[in-house]
Amino acid sequence: MLTVTLPDGSQLSVAEGATAGDVAAQIGPRLAKVAIAAVVNGETVDLNQPLHGNCGIELLTPKADDDRAMAVMRHSCAHVMAEAICRLFPNTKLVYGPAVENGFYYDIDLDRPLTPDDFEAIEKAMEAIVREDKPFTRVDLSRADAMPKLQAEGNRYKVDNAERADGDCLSFYVTGTQPGADFEDLCRGPHVPSTGRIGAFKIMQVSGAFYRGDPSEKQLQRVYGTTWPDKKALKAYLDQLEEAKKRDHRRIGTELGLYVIDPQVGPGMVLWKPKGAVLRKQLEEFILGELVKQGYKPVYCPHVGRLDLYRTSGHYPYYKDSQFAPIRMPDGEELLLKPMNCPHHIKIFQSDPHSYRDLPVRFAEFGTVYRYEQSGELAGMTRVRGFTQDDAHIFCTPEQLPQELDGCLRLVRLALETLGLKDYRVRLGLRDPASDKYIGGDAVWAQAEEAVRSAARNSGLRFSEEAGEAAFYGPKIDFVVRDCIGREWQLGTVQVDYNLPERFGLEYVGSDNAPHRPVMIHRAPFGSFERFVAILIEHFAGAFPLWLAPVQVAVLSISEKSAEYAQQVHGQLCDAGLRSELDVSAEKIGPKKHAARQQKVPYIVVVGEQEAQAGTVNVNDRDGKTLGTFALAEFIGRCQEEVRTRTLSS
RNA sequence: GCCGAUGUAGCUCAACGGUAGAGCACGGCUUUCGUAAAGCCGGGGUUGAGGGUUCGAAUCCCUCCAUCGGCUCCA
């Protein structure tokens with residue numbers, strides 16, 4: 001007999017050789033009916049796999065919020081889709097089909113491009129396979145038996161996958177019971193017991209994907225699907241996607257008149273319209289206030305520099321491909337649109353001798369930089385070719401580094417907290433030792449990586465370490481957020497750099513009267529205004545807190561009789577430093593309010609003859625709630641206070 | 001850059017080989033109105049650009065541009 005321990009700590013005795021499915025049956029018939037897989041000692045396995053020895057076991061049932069259960073169902077669904085595609089297009093070569101968040105994809109090699117028009121037929125075929133309720137049957141083969149079998153199938157991808165797999169045993173999953181006759185696929189598993197257990201699914205899209213992510217390799221077709229326990233959960237997901245699209249900064253940015261990108265100006269070139277500019281200006285002033293408090297010195301630099309500057313910094317040779325081509329003048333001079341602000345700031349630092357007594361030196365600039373991003377990468381304001389960073393460079397002694405890093409991290413967190421952005425993750429970007437895209441030696445990197453790691457640890461933040469995510473000159477701590485459709489973007493960043501001081505030969509005089517090399521920190525709490533504002537638009541769905549709102553108050557007159565008073569109210573609001581907009585048009589109050597709400601104006605002030613007589617304002621919020629009638633002075637005072645404190649919940 | 005899709009009025013979309021339309025927005029008029037879109041009238045489009053097929057192209061084909069979703073990239 002074996003003893004299995006359930007998640008609640010209770011124990012059960014089961015026969016030797018029993019399966020997880022048997023355990024489920026022993027617990028109850030209903031569980032046995034709905035369970036689709038099990039977690040045994042932390043590893044997800046098939047229900048029909050025999051248990052070996054005493055173990056902890058948890059049975060997985062299809063729940064939309066159980067990632068482990070859904071990963072199994074989604075992976076099984078990927079197999080079903082693969083089989084469906086192979087039925088419809090017999091010369092399909094299968095490559096790789098994992099579960100991903102909310103669904104799965106399968107990479108296939110097929111001469112004929114699949115288009116959305118094909119989805120319905122594929123889904124129909126999938127439904128048929130699900131209706132057949134075929135069992136997933138695992139077949140384990142030794143490598144010696146498996147490889148010739150795969151070779152015979154003539155699918156180089158599967159052979160390749162098998163060669164890369166660990167262990168002496170390769171597993172295949174047959175959809176059905178007859179290896180050789182039924183559909184089968186090299187696969188680690190696990191799977192749901194049978195195809196009938198797959199809930200509701202939908203094919204979402206098809207796109208190109210390079211084999212093994214290698215652009216020099218063949219481009220495959222990647223078919224994405226989504227899978228849920230039932231139709232209701234699928235619909236909820238699709239509805240949620242629709243809702244998310246309404247938050248898209250590209251949509252709201254247009255609706256609210258915040259920015260525009262004009263192809264004649266150039267793709268990836270953001271034009272900030274007045275309302276967007278107001279918003280950005282508030283952010284700039286907020287950050288600037290903090291910088292002054294923390295001893296940063298503002299500097300300004302031009303947007304170009306001689307190519308030689310970037311040869312020294314390493315930008316030019318190392319990131320030539322993602323820069324705008326150099327500007328070549330008739331006299332042979334070559335200039336580069338700056339891809340980063342650091343070289344200019346370094347030259348400012350270098351223009352004066354520095355004593356250890358001066359350090360740290362902190363140069364701040366809202367510096368605009370230009371990067372030639374690949375055309376396929378451009379996306380609204382999140383990925384652009386010209387953008388302005390809330391940048392700064394700190395030059396300090398090695399001893400000062402921990403404290404300075406701490407200050408930078410606190411600034412990033414303050415920025416995120418002030419805006420109410422809580423849904424972010426922290427990533428330690430380290431060097432990929434196998435890559436040659438970094439400057440500097442191993443020792444310097446080890447030192448820098450240890451500095452960021454201990455800074456991250458001391459901050460108390462939860463973070464993940466990721467190789468290959470470093471800047472070319474040093475490791476970094478990135479604050480990463482998701483946009484409305486789940487894509488991740490780096491916002492705030494703090495980077496340690498021993499390399500550029502070396503390349504530029506930076507020095508300060510130490511207390512020993514000898515020259516020493518400073519360390520640099522590159523940091524940007526927002527990252528770039530373009531990307532940050534894009535994320536803010538989506539975060540607030542356009543309903544910005546009062547201090548950021550392009551228009552803070554809309555003053556609406558009931559009729560012509562109150563137009564003059566409305567004008568007065570508007571004037572006083574403006575005098576009080578509030579951004580007010582006046583609507584005395586010959587419309588009824590309903591449509592006027594509607595228009596103001598559409599524009600997400602935080603406070604909608606209605607004034608009629610009553611208010612005019614009493615010197616009051618009737619205040620409504622953009623959600624349609626009436627907040628009451630206030631003396632104008634009181635309302636102004638409240639607004640000013642709300643702006644001053646940068647209150648979020650307006 | 002690569003794969004696929006999509007470009008029609010300021011915005012959202014219709015028309016899918018036979019004379020380009022609607023709603024919202026905009027302008028004018030009527031209404032002067034008390035809180036989630038009043039009524040009427042009007043202006044507005046070489047259908048992204050350029051070629052081609054056809055008696056006839058928004059519609060079919062080609063090239064380019066842009067956008068969208070992925071891939072790759074992201075100092």
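The residue among A/Pro339 and A/Asn620 whose nearest nucleotide of RNA chain B is located toward the 5' end is A/Asn620. Between A/Lys437 and A/Arg222, the one whose closest nucleotide on RNA chain B sits nearer the 5' end is A/Arg222.
Distances shown here put a side-chain N or O of A/Lys561 below 4.0 Å from the OP1 or OP2 atom of B/C33. For B/G69, one of the phosphate oxygens OP1 or OP2 lies less than 4.0 angstrom from a side-chain nitrogen or oxygen of A/Arg250.
Centroid-to-centroid, the aromatic rings of A/Tyr106 and A/Tyr224 stay 6.0 Å apart or farther. Checked against the 6.0 Å centroid criterion, the rings of A/Tyr438 and A/Trp445 qualify as a close aromatic pair. A/Tyr319 has its ring centre less than 6.0 Å from the ring centre of A/Phe472.
Here the nucleotide nearest the side chain of A/Met340, chosen from B/U32, B/G4, B/A75, is B/A75. You'll find that the side chain of A/Gln495 is closest to B/A75, out of B/A75, B/G70, B/U35. Closest to the A/Tyr319 side chain, of the nucleotides B/U35, B/C74, B/G1, is B/C74. Taking only side-chain atoms of A/Pro116, from C-beta outward, the nucleotide of B/A5, B/G1, B/G34 with the closest atom is B/A5. With distances taken from any side-chain atom of A/Gln374 to the nucleotides B/G70, B/A75, B/G1, the minimum falls on B/G1.
Under the salt bridge (Lys or Arg N to Asp or Glu O under 4.0 Å) criterion, no residue pair touches residues 601-612 of chain A, with sequence neighbours excluded. For residues 240-274 of chain A, no pair satisfies ring-ring contact (aromatic ring centres under 6.0 Å, His included), with sequence neighbours left out. Among residues at least two apart or in separate chains, salt bridge (Lys or Arg N to Asp or Glu O under 4.0 Å) pairs with a member in residues 262-277 of chain A are A/Lys275-A/Glu581. Pairs passing the salt bridge (Lys or Arg N to Asp or Glu O under 4.0 Å) check and including a residue from residues 316-327 of chain A, sequence neighbours excluded, do not occur.
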Run the side chain to side chain contact (heavy atoms under 4.5 Å, CB included) test on A/Thr493 and A/Phe479 for me, step by step, so that the C-alpha distance in whole Å, both residues' side-chain angles and the decisive distance to 0.1 Å come before the verdict. CA-CA 6 Å; A/Thr493 183; A/Phe479 291 72; over 6 Å; no
Carefully, step by step, assess A/Asp118 and A/Arg112 under the rule salt bridge (Lys or Arg N to Asp or Glu O under 4.0 Å). CA-CA 11 Å; A/Asp118 297 314; A/Arg112 173 191 183 285; 2.9 Å; yes
The test is salt bridge (Lys or Arg N to Asp or Glu O under 4.0 Å); show your working for A/Arg425 and A/Glu466 and say whether it passes. CA-CA 12 Å; A/Arg425 70 185 188 91; A/Glu466 292 176 39; 3.0 Å; yes
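Residue contacts for A/Tyr224: at a heavy-atom cut-off of 4.0 Å it reaches the sugar-phosphate backbone alone, with no base atom in range. As judged by a 4.0 angstrom heavy-atom cut-off over every strand, A/Thr115 is placed among residues touching the sugar-phosphate backbone only. Using a 4.0 Å heavy-atom cutoff across all strands shown, A/Gln323 reaches at least one base atom of the nucleic acid. Base contact: A/Ile558 has a heavy atom under 4.0 Å from a base atom. Across all strands, A/Leu378 comes closer than 4.0 Å only to sugar-phosphate atoms, never to a base (heavy-atom distances).
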Got a list of protein N/O to nucleotides 6-16 of chain B N/O distances below 3.5 Å?
none

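Relative orientation of the A/Tyr105 and A/Tyr96 rings is perpendicular, given thresholds of 30° and 60° on the angle between their planes. Ring geometry for A/Phe395 versus A/Phe349: interplanar angle under 30°, hence parallel rather than tilted (30 to 60°).
The separation of B/G43 from B/A36, taken at their P atoms, amounts to 33 Å, rounded to a whole angstrom. Rounded to a whole angstrom, the distance from the C1' atom of B/C11 to that of B/G69 is 22 Å.
Counting to the nearest Å, the C1' atom of B/C24 and the CZ atom of A/Arg251 are 13 Å from each other. Atom CZ of A/Phe119 and atom P of B/G4 are 13 Å apart (whole Å).
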B/S/- contact track for nucleotides 37-49 of chain B, protein heavy atom under 4.0 Å: BB-----------
Given Watson-Crick or G-U pairs with both distances under 3.5 Å, what dot-bracket string fits RNA chain B, with | for other-strand pairs and [ ] for crossing? (((((((..((((....[..)))).(((((.......))))).....(((((..]....))))))))))))....
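Residues meeting the side chain to side chain donor-acceptor pair (under 3.5 Å) test with A/His393, sequence neighbours left out: A/His345, A/His522. A/Pro591 pairs by the side chain to side chain contact (heavy atoms under 4.5 Å, CB included) definition with A/Glu587, A/Lys588, not counting sequence neighbours.
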Identify every side-chain donor-acceptor pair in residues 613-621 of chain A under 3.5 Å, counting partners at least two apart or on other chains, and give the distances.
residue: A/Asn618; atom: OD1; partner: A/Asn620; partner atom: ND2; Å: 3.2
residue: A/Asn618; atom: ND2; partner: A/Thr629; partner atom: OG1; Å: 3.2
residue: A/Asn620; atom: OD1; partner: A/Lys593; partner atom: NZ; Å: 3.2
residue: A/Asn620; atom: OD1; partner: A/Thr626; partner atom: OG1; Å: 3.2
residue: A/Asn620; atom: ND2; partner: A/Ile604; partner atom: O; Å: 3.3
residue: A/Asp621; atom: OD1; partner: A/Asp623; partner atom: N; Å: 2.9
residue: A/Asp621; atom: OD1; partner: A/Gly624; partner atom: N; Å: 3.1
residue: A/Asp621; atom: OD1; partner: A/Lys625; partner atom: N; Å: 2.8

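The pair A/Arg250-A/Asp248 meets the salt-bridge criterion, since a charged nitrogen lies less than 4.0 angstrom from a carboxylate oxygen.
For A/Asn155 (side chain) and A/Leu94 (main-chain N/O), a donor-acceptor pair under 3.5 Å exists by modelled atom type.
Remark: A/Gln205, A/Val206, A/Ser207, A/Gly208, A/Ala209, A/Phe210, A/Gly213, A/Pro215 in residues 201-218 of chain A come within less than 4.0 Å of RNA chain B through at least one heavy atom. Applying a 4.0 Å cut-off to non-hydrogen atoms, the residues of residues 466-491 of chain A that approach RNA chain B are A/Ala470, A/Ala471, A/Phe472, A/Tyr473, A/Lys476, A/Ile485, A/Arg487, listed by residue number.
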